[in-house]
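Letters A, B, ... are given to chains in the order of the sequence lines, protein chains preceding strands, and every chain is numbered from 1.
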There are 2 protein chains.
Amino acid sequence: MSGDADRHTLHNRVLAVLGPAIVAGEYEPGHVFTLERLEREYGVSRTVVREAVRVLQSMRLVRSRPRTGVQVRPDEEWSVFDPQLIRWRLAGSGRMAQLRSLTELRAAIEPPAAAAAARNAPREWREPLVEVCERMTAAGQEGDQDSFLRLDIEFHRRILRLSGNEMFVGLTGVVAEVLTGRTEYHLMPRPPRAEALRLHAHVAEAIRDGLPDVAQAAMRSIVGEVDEALSEAAEPDR
Amino acid sequence: MSGDADRHTLHNRVLAVLGPAIVAGEYEPGHVFTLERLEREYGVSRTVVREAVRVLQSMRLVRSRPRTGVQVRPDEEWSVFDPQLIRWRLAGSGRMAQLRSLTELRAAIEPPAAAAAARNAPREWREPLVEVCERMTAAGQEGDQDSFLRLDIEFHRRILRLSGNEMFVGLTGVVAEVLTGRTEYHLMPRPPRAEALRLHAHVAEAIRDGLPDVAQAAMRSIVGEVDEALSEAAEPDR
DNA sequence: GTGGCAAGAATAGTGTTACCAATGATGTCC
DNA sequence: GGACATCATTGGTAACACTATTCTTGCCAC
């Protein structure tokens with residue numbers, strides 16, 4: 001799914017523990033590590049710790065200075081769009097909060113992306129989008145949840161790609177994580193609501209037919225509906 | 001401006017050359033470095049090269065495997081929201097393309113952010129927003145371009161913060177870069193247009209008065225206008 | 001021969017250790 | 001209260017052992 005963050009190197013294993021711990025707020029902002037402490041704690045060599053810290057630093061989770069050590073930064077300064085950081089948050093206790101903020105982000109991005117797709121998509125990719133939508137609908141009606149999720153992700157991914165804006169494309173991972181997360185935590189109506197399926201079809205057809213306003217309005221209905229569903233499930237985590 | 005990426009460490013200096021070079025497309029996707037080659041090329045030790053590569057890897061610019069080397073990934077796989085990557089692009093030849101895609105992103109995000117701010121902003125921060133807007137207007141009318149830019153950034157930053165959504169907050173850096181970039185490359189009307197200033201005031205007052213729809217509509221006018229201005233200046237780079 | 005597979009060699013990243021240099025926070029002296 | 005010594009901690013170098021992955025080779029079956 002993600003590329004190479006999963007390679008079983010030592011510094012990746014250190015990262016996979018240290019990163020989530022910091023993200024979960026187990027260390028106050030301002031808390032300082034020393035490399036030596038981390039070396040002992042994880043039983044690894046200096047090089048490994050340094051490389052792990054370097055990555056955390058590039059995510060702006062920590063800063064590192066001589067004589068002071070490695071200091072945890074306040075969360076307002078983190079690179080919250082970093083895919084790895086998002087995954088750590090979704091895996092931890094902050095998952096509902098993260099899911100909510102990401103859903104609001106989707107609600108902002110996807111309607112303009114759909115409009116852009118209706119304007120910019122190359123001819124040859126318009127009809128295939130409708131086909132993906134149809135297969136998704138079929139899977140939903142048959143109750144095949146795995147295929148439905150896979151095709152739902154594929155549908156939204158294609159729209160972001162067809163928008164022609166690299167920043168929108170860069171959010172495909174986020175959308176995939178949100179949809180997967182909603183399914184995993186049973187925040188997805190089963191079977192999918194008929195109205196939602198129809199709205200997806202409207203989006204696909206409007207993009208195919210080059211109707212930006214229609215595509216945007218239909219997409220707004222989709223993500224707005226999702227937003228409400230999530231707000232209803234709003235409760236303190238756990 | 002950014003935190004600690006500017007500390008004059010050796011690996012940062014290597015990063016500051018290698019990163020922009022890759023981002024500028026000086027190496028085909030698939031191109032492989034070896035650590036040894038980089039060591040010699042930059043005249044630094046292995047540790048330094050390894051840490052620089054580790055950062056590039058976390059940005060998904062490269063992947064690193066034994067027996068193969070360090071391989072440049074195709075640009076669709078890059079973490080395009082990484083602030084450092086954005087800065088590299090804005091500094092290089094891709095700056096107009098990057099500016100356009102970021103402007104479209106702003107156009108998607110800021111109106112919903114303004115609406116959210118009108119709903120969620122704490123009482124005590126509403127009036128100050130209007131004050132910032134007034135000082136910005138004054139600076140604009142006096143022709144004080146530096147102060148105007150600074151206050152314009154401050155204005156948009158506050159709205160994103162007041163939205164209460166951490167993902168929106170995470171885009172403050174992007175907005176700052178875009179506004180600064182537009183000023184530097186003289187894509188900003190001077191003096192600022194009176195209508196634009198009035199729209200900013202409408203946004204601030206609508207947020208103060210808790211009117212999400214008004215705030216959203218006014219913000220949409222602001223970013224829509226900007227979008228047009230940028231499209232007019234659309235020419236192949238250089 | 002040709003295709004497929006297994007064993008082994010070659011090659012580059014990965015991990016360890018030891019040591020010295022540079023930095024900047026902290027306290028001290030005047 | 002400003003200049004300066006101090007010292008802990010990161011930053012950087014070097015040399016080497018380990019290990020994963022790819023490529024080659026050679027065998028075997030068809």
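Contact between B:Arg60 and B:Trp78 at its shortest, heavy atoms only, is O-CD1, 3.2 Å.
Considering only side-chain N and O atoms, A:Arg46 lies under 4.0 angstrom from the phosphate OP1 or OP2 of D:dT10. For A:Arg54, a side-chain nitrogen or oxygen approaches OP1 or OP2 of D:dG11 to under 4.0 Å. Contact check, B:Arg7 against D:dG11: a side-chain N or O comes under 4.0 Å of OP1 or OP2. One finds no side-chain N or O of A:Arg50 lying less than 4.0 angstrom from the OP1 or OP2 phosphate oxygen of D:dT10. In this model, the phosphate group of D:dG11 is approached by a side-chain N or O of A:Ser64 to a distance below 4.0 Å at OP1 or OP2.
Looking at heavy-atom distances under 4.0 Å, A:Thr47 makes contact with a base.
In the set D:dT22, D:dG12, C:dG13, the nucleotide with an atom closest to the side chain of B:His11 is D:dG12. Considering only the side chain of A:Pro66, C:dT23 comes nearest among C:dG15, C:dT23, D:dT13. Closest to the B:Ser45 side chain, of the nucleotides D:dT13, C:dT17, D:dT10, is D:dT13. For B:Arg67, counting side-chain heavy atoms from C-beta on, the closest listed nucleotide (C:dG24, D:dC23, D:dG12) is D:dC23. In the set C:dA25, D:dG11, C:dG15, the nucleotide with an atom closest to the side chain of A:Thr68 is C:dA25.
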(request) Give the intermediate values and the outcome of salt bridge (Lys or Arg N to Asp or Glu O under 4.0 Å) for residues A:Glu184 and A:Arg95. (result) CA-CA 12 Å; A:Glu184 276 175 9; A:Arg95 65 169 180 276; over 6 Å; no
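The environment of CD in B:Glu36 is sparse: at most 12 heavy-atom neighbours from other residues, nucleotides or ligands sit within 6.0 Å. Heavy-atom neighbours of B:Arg54 CZ from other residues, nucleotides or ligands within 6.0 Å: above the threshold of 12. For A:Glu127, the CD atom counts as densely surrounded, since its 6.0 Å shell holds more than 12 non-hydrogen atoms of other residues, nucleotides or ligands. Other residues, nucleotides and ligands contribute over 12 non-hydrogen atoms within 6.0 Å of the CD atom of B:Glu131.
Remark: P of C:dT14 and CZ of A:Arg13 are 13 Å apart, rounded to the nearest angstrom. Remark: C1' of D:dT10 and CG of A:Leu56 are 16 Å apart, rounded to the nearest angstrom. The interatomic distance linking B:Leu10 (CG) with C:dT23 (C1') rounds to 14 Å, in whole Å. Between the OH atom of A:Tyr42 and the P atom of C:dT16 there is a distance of 15 Å, rounded to whole Å. B:Asn12 has its CG atom 15 Å from the C1' atom of C:dT23, to the nearest Å. Whole-Å rounding puts the B:Gln71 CD to C:dA12 C1' distance at 13 Å.
By the 30° and 60° cut-offs, the orientation of the rings of B:His31 relative to B:Tyr27 is tilted. Below 30°, between 30° and 60°, or above 60°: for A:His156 and A:His200 the angle between ring planes is above 60°, a perpendicular geometry.
A heavy-atom distance below 4.0 Å to DNA chain D is reached by these residues of residues 33-41 of chain A, ordered by number: A:Phe33, A:Thr34, A:Leu35.
Mapped onto DNA chain C by nearest heavy atom, A:Gly43 and B:Val70 fall at different nucleotides, with B:Val70 at the one closer to the 5' end.
Under a 3.5 Å cut-off, the side chain of B:Asn165 and the backbone N or O of A:Ser101 do form a donor-acceptor pair.
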What N/O pairs connect the protein and nucleotides 6-8 of chain C at under 3.5 Å? Give each pair on its own line.
none

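A salt bridge links B:Arg158 with B:Glu154; the closest basic N to acidic carboxylate O contact falls under 4.0 Å.
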